[in-house]
Structures are given as C-alpha cells and as structure tokens.
Amino acid sequence: MRTFKDRVREVVAAIPRGQVMTYGEVARRAGHPNAARAVGAIMKSNFDPAIPCHRVVGATSLGGYNRGLDLKRKRLQEEGYAGV
DNA sequence: CAGCTGACTGTAC
DNA sequence: TGTACAGCCAGCT
C-alpha cells in the first residue's frame, strides 16, 4: 500500500527540469487536492537526493527547503525558473 | 489509538 | 498592498 507520502515522492521526482509545481498541485496529482500541508510535512522529512524537492514551491511563496532556502533559489534560477 | 505538528491555501481586514 | 485567521490533510510521536 503506497502511502500518500510515497506518491508525493514519485510526483515530485517526475517534475521536469526548469519547471516547478506548487504543494497543492503535487497534492492533487498525488490524489489529495487539499493535502498541500501534508505534502510540505512530507518534504521536510524527506532528505532523499533523488527527490528534487526544490522544484516544489508554494502558491504564494517559495515555500521552504530542508537543505537551505538559498540553495533552492539558486537551483531554481539555474534551471530557468523565472518566478524568483 | 489519539493528539500534535507542519516547506499550504484562500479569504478577510 | 500587506498582514492575520481559519480550514484542510497525512505523517509522526
């Protein structure tokens, strides 16, 4: 039984380079439209380098990053994200 | 098993 | 335009 967490990890890992997704979008893609908070809580606990959690941003803010928000911004800019 | 926590989101002032 | 409040869900203790 894949938990919501596992699906979120898959969804985030499937985000193409240069593109970002909001917590709400990820939650929706994972099957839970209103579980944006749960997504954030999961990302926080997830230190797997295979998960580009820096591509997950908030709808009104950048959100956060377990390895340093500065690194997140840097990566997004390098990938071509103009939302910074 | 029940309660608390959190990288959210949308609405209201 | 910016800040504050309430509602929402799953994971973890």
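Letters A, B, ... are given to chains in the order of the sequence lines, protein chains preceding strands, and every chain is numbered from 1. Note that this is a predicted model, so its numbers are computed, not measured.
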- Consecutive-pair stems (at least three Watson-Crick or G-U pairs, under 3.5 Å) that include DNA chain C: B:2-6 with C:9-13, B:8-13 with C:2-7

- So do the side chains of A/V20 and A/H54 get within less than 4.5 Å of each other, counting heavy atoms only? no

- Message: Among residues at least two apart in sequence or on other chains, which ones pass side-chain hydrogen bond (donor to acceptor under 3.5 Å, both in side chains) with A/R17?
- Response: none

Identify every side-chain donor-acceptor pair in residues 21-28 of chain A under 3.5 Å, counting partners at least two apart or on other chains, and give the distances.
{"unit_1": "A/T22", "atom_1": "OG1", "unit_2": "A/E25", "atom_2": "N", "d": "3.1"}

- Query: Does some side-chain heavy atom of A/E79 sit less than 4.5 Å from a side-chain heavy atom of A/R55?
  - Reply: yes

- Nucleotide interval of DNA chain C bounded by contacts with chain A (heavy-atom cut-off, under 4.0 Å): C/dG7 to C/dG11

- Message: Quick check on the hydrophobic clustering: are A/V84 and A/V57 connected, directly or via other members, by side-chain heavy-atom contacts under 4.5 Å?
- Response: yes

N/O-N/O pairs, protein side and nucleotides 3-7 of chain B side, under 3.5 Å:
{"unit_1": "B/dG6", "atom_1": "N7", "unit_2": "A/R37", "atom_2": "NH2", "d": "3.2"}
{"unit_1": "B/dG6", "atom_1": "N2", "unit_2": "A/R37", "atom_2": "O", "d": "3.4"}
{"unit_1": "B/dG6", "atom_1": "N2", "unit_2": "A/A38", "atom_2": "N", "d": "3.4"}
{"unit_1": "B/dA7", "atom_1": "N7", "unit_2": "A/K44", "atom_2": "N", "d": "3.2"}
{"unit_1": "B/dA7", "atom_1": "N6", "unit_2": "A/M43", "atom_2": "O", "d": "3.0"}
{"unit_1": "B/dA7", "atom_1": "N6", "unit_2": "A/N66", "atom_2": "ND2", "d": "3.1"}
{"unit_1": "B/dA7", "atom_1": "N3", "unit_2": "A/Y23", "atom_2": "OH", "d": "2.3"}
{"unit_1": "B/dA7", "atom_1": "N3", "unit_2": "A/G64", "atom_2": "O", "d": "3.1"}

- Message: I'd like to know if the side chain of A/R2 reaches the main chain of A/R7, judged simply by a donor and an acceptor atom lying under 3.5 Å from each other, with no hydrogens or angles considered.
- Response: no

- Task: Report which part of the nucleic acid A/S61 touches: base, sugar-phosphate, or nothing (heavy-atom distance under 4.0 Å, all strands).
- Result: nothing

- Message: Given 3.5 Å as the limit, does a donor-acceptor pair link the side chain of A/K44 with the main chain of A/G64, or not?
- Response: no

- Within-4.5 Å side-chain heavy-atom neighbours: A/Y65 and A/D70: no

- Item | A/G63 versus A/L69, closest heavy-atom pair with distance | O-CD1, 4.0 Å

- Message: I need the minimum non-hydrogen distance between A/N46 and A/R67, along with the two atoms involved.
- Response: O-NH1, 4.4 Å

- Query: Do you know the tightest heavy-atom contact between A/V8 and A/A30?
  - Reply: CG2-CB, 3.9 Å

- Query: Heavy-atom distance under 4.5 Å between the side chains of A/M43 and A/N66, does that happen here?
  - Reply: no

- Message: Near DNA chain B, counting only heavy atoms under 4.0 Å, which residues of residues 73-84 of chain A show up?
- Response: none

